[in-house]
Protein chains: 2
Amino acid sequence: MKIIHSPAETAPAPMAESPGTKSHRAYTQIRADILSCTHLPGTKLNIAGLAADMDVSLGAVREALSMLQSEALVVSEPQRGYTVSPVSPKELADITEARIAIEALCLRTSIERGDLAWESRLVAAWHRLSRLSQTEAGRDQHLSDVWSRAHADFHAELVGACGNDWLLRMRAMLYEQSERYRRMSVSVPQQNATRDVPAEHKAIFDAVMERDIDRAVAALENHLRKTATIVRSSVAL
Amino acid sequence: MKIIHSPAETAPAPMAESPGTKSHRAYTQIRADILSCTHLPGTKLNIAGLAADMDVSLGAVREALSMLQSEALVVSEPQRGYTVSPVSPKELADITEARIAIEALCLRTSIERGDLAWESRLVAAWHRLSRLSQTEAGRDQHLSDVWSRAHADFHAELVGACGNDWLLRMRAMLYEQSERYRRMSVSVPQQNATRDVPAEHKAIFDAVMERDIDRAVAALENHLRKTATIVRSSVAL
DNA sequence: TAAGACAAAAATATAGAAAAAAGCGGACCC
DNA sequence: GGGTCCGCTTTTTTCTATATTTTTGTCTTA
């Protein structure tokens, strides 16, 4: 009769939606630290250090880094460890062009194939984002996170009816990369003042709801290109 | 007294271009086995078994599998191990559509930006492929591998001057996935008889050399779509 | 037949050993 | 006197063997 070999000793807290394995928790945390620029681009990642910080073993960290490599958030040189993927103007330009092309493709098919359920989800995502935009996100950290989440959901929902899993996977990858650049250039009010982001979103949303493919794609492209321009000029690359 | 646990016991031979680490050797081997369908799609991959087969430890295999996951050649369910990525008609269709779109994009910019050095490399790749095609590849295994390599090089060179690393990375991923499907459907002579693959390649090559973008893209699309159709009808998915 | 416990197998985690690279100090040469 | 190269020490990455946890298949029992 083995009593209490303690299933709950490790993590009594629910800890969000982590799939149990320690590798995945490490992955989630390192990923968040990279996206939030706690680990700056180009930094060498010390495996032992990370393992000590989050109280897991080397192997777990190593596996987490492998996962991150698949999203191109870190790069590894054999026998020389892992580093946070560096950033550059060229990279930003490549990502932006690729993203415009692929998102446009996804958006076209999404509008063509989208049914009522999709429209409903899109309306919901739009509603959340537009309400949050009114409350001046950006100052307080929590609100900014919530807005980022809503923004990601809205963009994801736009192409949600595309149906091509491979294109969607690539879109997701590029979105994430763009996010990393965007977050490097937060709090540049003087430039954002000349720009009405909610209006750009509204333009996309309206065109999509009217099923005007070309106008929707044009509005999306405009939105992405403007974002990239702002990011580029505000970040010292 | 530990005798000769030997730094050179494992691989005295140069073993091609493997970057030394055992993880990477394991990665290379498993990858080859998946692409050659030694490990069939959908198969569960036993970590301990693989480790024993190639005489490395669990950790090395685990890391190799992580790398493969980033190329979408294997998928993992937490706590339930790894399986070779399954195949399906839907997947093939998605890959084909995505590939046509992205390769077309890459080809356009490649033709626009390509300089003389690129043209020369392309001519070289074309020459190799066309010579190999004449010798009836397909029967003997080695020749077939050589042809595959030349075919891959030719297609890679077509888009070699594109310049957008992100698009190229995605193209490479999709090419690899297509290869896996293609190799599942080898030796179906009756269908290939009605098709002249070298001529399709020549059509692409000629259009590119004349810098006729639209014709080149159309020829490429035709080539990819025909390949997908053959594969689809010849494989029992 | 279905529920539950047991046993086997497989996946994940850990700690420490081996190998490789990086950092460092001193000697040697120009 | 200054610069460069060689060896050693230290750090870091990689690997292995073993332990722990989870899942899965089976067999009993009501």
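What's counted below: heavy atoms across the whole structure, side chains too, no hydrogens, waters or symmetry copies. Each chain gets a letter, A, B and so on, in the order the sequences are listed, and its residues count up from 1.
Mapping L58(B) and E63(B) onto DNA chain D by nearest heavy atom places E63(B) at the nucleotide closer to the 5' end. Toward the 5' end of DNA chain C, the nearer of the two residues G59(A) and L45(B), judged by each one's closest nucleotide, is L45(B). Mapping E77(B) and P78(A) onto DNA chain C via the closest heavy atom, the residue that lands nearer the 5' end is E77(B).
Of the candidates dT16(D), dA22(C), dT12(C), dT12(C) carries the atom nearest the Y82(B) side chain, counting heavy atoms from C-beta on. Picking from dT14(D), dT24(D), dA11(C) the nucleotide with the shortest atom distance to the side chain of N46(B) gives dA11(C). The listed nucleotides are dT14(D), dA22(C), dT22(D); the one nearest the side chain of Q79(A) is dT14(D).
In summary, the aromatic rings of Y27(B) and H24(B) are positioned with their centroids under 6.0 Å apart.
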Would you check, one step at a time, whether the test side-chain hydrogen bond (donor to acceptor under 3.5 Å, both in side chains) holds for R180(A) with S85(A)? CA-CA 10 Å; R180(A) 195 162 71 109; S85(A) 296; 4.7 Å; no
Between M173(A) and W166(B), does the side chain to side chain contact (heavy atoms under 4.5 Å, CB included) criterion hold? Intermediate values first, please. CA-CA 10 Å; M173(A) 233 171 124; W166(B) 274 88; 3.9 Å; yes
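At least one side-chain heavy atom of D165(B) sits less than 4.5 Å from a side-chain heavy atom of K90(A).
Side-chain N or O atoms of R113(A) include one that pairs as donor or acceptor with a backbone N or O of C162(A) at under 3.5 Å.
As rounded to whole Å, 17 Å separates atom P of dT22(D) from atom NE2 of H24(A). Rounded to whole Å, atom C1' of dA13(C) lies 12 Å from atom CD1 of I47(B). Between the NZ atom of K44(A) and the C1' atom of dG23(C) there is a distance of 11 Å, rounded to whole Å.
At the phosphate of dA13(C), OP1 or OP2 sits under 4.0 Å from a side-chain N or O atom of S23(A). Contact between the side-chain N/O atoms of R62(A) and the OP1/OP2 oxygens of dT14(D) is found at a separation under 4.0 Å. Checking the phosphate oxygens (OP1, OP2) of dA22(C), a side-chain nitrogen or oxygen of R80(A) falls inside 4.0 Å. The phosphate of dA19(C) has neither OP1 nor OP2 within less than 4.0 Å of any side-chain N or O from K22(B).
An end-to-end axis angle of 20° holds for the helix from dT1(C)-dA30(D) to dC30(C)-dG1(D), taken from five base pairs per end and rounded to 10°.
In this pair, W126(B) and F154(B) present their aromatic rings tilted. The plane angle is within the 30 to 60° band.
Taking a 6.0 Å sphere around CG of D55(A), one finds it holds 12 or fewer heavy atoms contributed by other residues, nucleotides or ligands.
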